[in-house]
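One structure is given below, encoded as C-alpha cells.
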Amino acid sequence: MKVEELKTTAAQVRRDIVRMVHGCQSGHPGGSLGCTDLVTALYFHEMKIDESKGADGFLNFSREAKGEDLFFLSNGHISPLFYSVLARRGYFDIKEMATFRKINSRLQGHPATHEHLPGIRIASGSLGQGLSVANGAAYAKKLRKEDRIVYVLMGDGEQQEGQIWEAAQFAPHYKLDNLVAIVDWNKQQIDGSTDKVMDNRDLKAKYEAFGWLTVDLLDGNDMQQVLDALAAAKALLGKGQPVVILMKTEMGAGVDFMMHTHKWHGTAPNDEQLAAALAQLPETLGDY
Amino acid sequence: MKKYTYTEKKDTRSGFGAGMAELGKSHPNVMALCADLVASLKLDAFIKENPDRFVQCGIAEANMIGVAAGLAIAGYVPYATTFANFGSGRVYDQIRQSVAYSGANVKIAVSHAGLTLGEDGATHQILEDLAMMRSMPEMTVINPCDYNQTKAATIALADHVGPAYLRFGRPVVPVFTDPNQEFVIGKAWMVNEGKDVTIVATGHLVWEAIQAGEILEQEGIDAEIINIHTIKPLDEEAILKSVEKTGCMVNAEEHQLNGGLGDAVCQLLSRKRPTPVEMVGVDNSFGESGTPAQLMEKYGLNAAAIVEKVKQVIARK
C-alpha cells in the first residue's frame, strides 16, 4: 500500500480507537493513537500474511502462522488499535468493534485468544511478556527454516519490567535475526513521564549492550518515516542479531488535546470530547 | 492388603528424564527447555539425542515460560523445566497469561518439589505449588508417585493438548508401580481395596500410604488406598464411590494443607457427600534443612502419621 493510502487507513483507525473507547467509557486511547501509524504500516504494508479468505469473506487465520510474518502486541492495553487494524485488514467484521470491552464480546479489554478472535495469538496486558513469546515464535521459525519475520511491539514504561531484560538477553544469544522488536518510546506512563516514574535512561545503549542492532525512528507518527524504519530494520535482519526499533511517538497523536500529556493514557472521552476528537480525524473508510 | 514390593529405589525426576528420552524418539514436536538445571532435571539423554530440540534458557524462568508459549503457538510441544519453586510461584503470572489464559500447549515439568528436596531448606521447598496451579483455570495438575508413574505421565502429557503442570521430586524412593502401566490423565489408581477407611494419597505419600495400610491391617483395619496422581481434573467418581463404602477418609500429600489435594477432596465431599476427613500435609508452615526422611517425620508426612489420622477419622464415623 502506498503512503497516502496508509495515512488514509490510519486516520480511520484513529477514529475507530476514539469511538471504541468512548463507546464503553473505558480503555487506553493515548498509546493506541501513538502507535497507530506503526501497526497500520505493519499490517497494510510490511507484513506478509495469508491473504486467503474463508466462505464468510474474512481472512483465514492460523495461530501457527506457518509461512507468515507475525505480530505480537506486548503492551496489550492498546487493544483498540489492534482490534481496529485487524478488523480493517479483514480478519473480522468492523461492526464487532462496537462490542469492545462489553459483556460477551470477543474484543476483551486486553487482547485474548480465549474467545477465539481471529488475529490474536497470545493474551497480553500483564506487561513484559510479549518479547519472550516473540522469542519462542522466532526460535520456532528458525528451527523450521522459515524465512519469515516476527514483530513485537512494547511500551517504554514496559521496559521497566525485569522480564524484558531476560528476554533481551535470550534473542541475541540465539541469534534471532528474524526478530524485530519495537519500543513505543513516548516517554509517558500512567503515573507521569517515564523520566520521573522510573527513568529508562539510554534504551539504545542498553539494547546495544545486550547484543541488538538498533534503528532510530525519530517520528513514529510520520508514516513515511515509519516505512523507512521498517525497511531499515528488515535490511539488518539475517546478520546474526535481533533488531529493535526505538520509535519516538506522541501519546494521543492525532487528537490535539490528548497529546503532550499522560492524562489520556487510560481515560475515555465524554460526548463533547469525542465530538472534538472526531472533528480532527476524517472519516476516510466509513465508521463501523 | 495387596502386597507391594520393590527391588530398587529411584528418583521420580529420573522417571521424567526417561520419559523425555522416549518422547525424543517418538514425538518430533516435543521440545525441552531448562533454566540452568539440566543435570537436576535428568535431561542429558534427551539433549544428547535431540540437541536441536533443547533450549537452554539460563537463570531466567519468566522468559523461559514465554519462549515456551511462543514455541507452542508454532505447533511445538515444549516442556519447560526447572525446580518446582521456580516453575510455579516465581512465574505464576507468566503461566497464567501466556500459557493458561492463552491456551498454549505448554507442559511445566518441575522437580525438587516439597520437603524431600531436603538439605537446601525452605527457600527451595515449595509446598504451595499445587494450590497455585490447581486454582488456575484450564490447567491440568499431575503429581506422580514413583519413577515408573512419572515416566508414564511424562509420555502421556505429550498427546494431551493443553497446559499442564507435572510435579516430581529429588530423592530416591521405592519403584513399585507397573513399568508398563497405562497412564490415563484424570483417572485414579486403585492401589488397594478395603472397607474401613479411604486413604487418598499423591506423590511420595503413596508409598507411605501403602506402608500405613500394612500397619493398619495388623491392627484389624482394612484400608482402601487410592492414588490420585492427577490432582486436576480430580477423579470425583473414584473418590465418591470409595467413601460410600468406607464412610471416612484420610488424604496425604507433600504440600500445604491449604489448597492442595486435601482441599480438593474436601470440597468435593462437602458438596456431594459430607464425610469425616483427616488430613496429612504441612500445616501452615515453611520447611527447613534436613534429610528427606527426617523432614517427613518432623512435619508428619509419613506412614506413622497416616496411621494416626486413620484412627482419628474412624473414631469420628
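Only heavy atoms go into these numbers, but all of them, side chains included; no hydrogens, no water, no symmetry mates. Chain letters run A, B, ... following the sequence lines, proteins first and then strands; every chain starts at 1. Owing to the predicted nature of the structure, the values given are computational and were not obtained by experimental measurement.
Relative ring orientation between A:Y139 and A:Y174 is described as perpendicular, the plane-to-plane angle rising above 60° on a 0-90° scale split at 30° and 60°.
Side-chain atoms of B:H255 come within 3.5 Å of backbone N or O of B:L127 as a donor-acceptor pair. The backbone N or O of B:D36 lies less than 3.5 Å from a partner atom in the side chain of B:Q56, making a donor-acceptor pair.
The most heavy-atom pairs under 4.5 Å with chain A, out of B:Q97, B:M31, B:E138, come from B:Q97. Of the listed residues (B:G75, B:G70, B:A69, B:A68), the greatest number of heavy-atom pairs within a distance under 4.5 Å of chain A belongs to B:G70. Heavy-atom pairs under 4.5 Å with chain B peak, among A:L143, A:L131, A:N135, at A:L143. Chain A forms the most heavy-atom pairs under 4.5 Å with one residue out of B:L33, B:I59, B:N63, and that residue is B:N63. Your options are A:Q129, A:K66, A:E64, and the one with the most heavy-atom pairs under 4.5 Å with chain B is A:Q129. Note on A:H110, A:H173, A:Q169, A:R144: by heavy-atom pairs under 4.5 Å with chain B, the leading option is A:R144. Looking only at heavy-atom pairs under 4.5 Å with chain B, the residue among A:A138, A:S124, A:S62 that has the most is A:S124. No other option in A:T113, A:V133, A:I164 has as many heavy-atom pairs under 4.5 Å with chain B as A:V133. Most heavy-atom pairs under 4.5 Å with chain A: of the set B:I73, B:I65, B:D52, B:L71, this distinction falls to B:I73.
For B:E61, the part lying near chain A is the backbone, with the side chain staying farther off; criterion is any non-hydrogen pair under 4.5 Å. Neither the backbone nor the side chain of A:E146 has a heavy atom closer than 4.5 Å to any heavy atom of chain B. For A:A65, no part lies under 4.5 angstrom from a heavy atom of chain B. Using a 4.5 Å cut-off between heavy atoms, B:V99 does not touch chain A at all. Of the atoms belonging to A:Q108, it is side-chain heavy atoms, and not backbone ones, that fall under 4.5 Å from chain B.
Here CZ of A:R148 is found 9.5 Å from CD of A:E68. Values are rounded to the nearest 0.5 Å.
One finds a salt bridge joining B:R167 and B:D129 here, because a Lys/Arg side-chain nitrogen approaches an Asp/Glu carboxylate oxygen to under 4.0 Å. Electrostatic pairing of B:D11 and B:R13 counts as a salt bridge here, judged by a charged N lying under 4.0 Å from a carboxylate O.
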* To do: Kindly indicate, with the supporting measurements, whether the criterion ring pair (Phe, Tyr, Trp, His ring centres under 6.0 Å) is fulfilled by A:F92 and A:F58.
  => CA-CA 6 Å; A:F92 55 87; A:F58 296 112; 7.8 Å; no

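Only one option out of A:Y151, A:Y91, A:Y43 pairs with A:F71 in a ring-ring contact (aromatic ring centres under 6.0 Å, His included); it is A:Y43.
In terms of heavy-atom proximity, A:R63 sits nearest to B:S102 at NH2-O, 2.6 Å.
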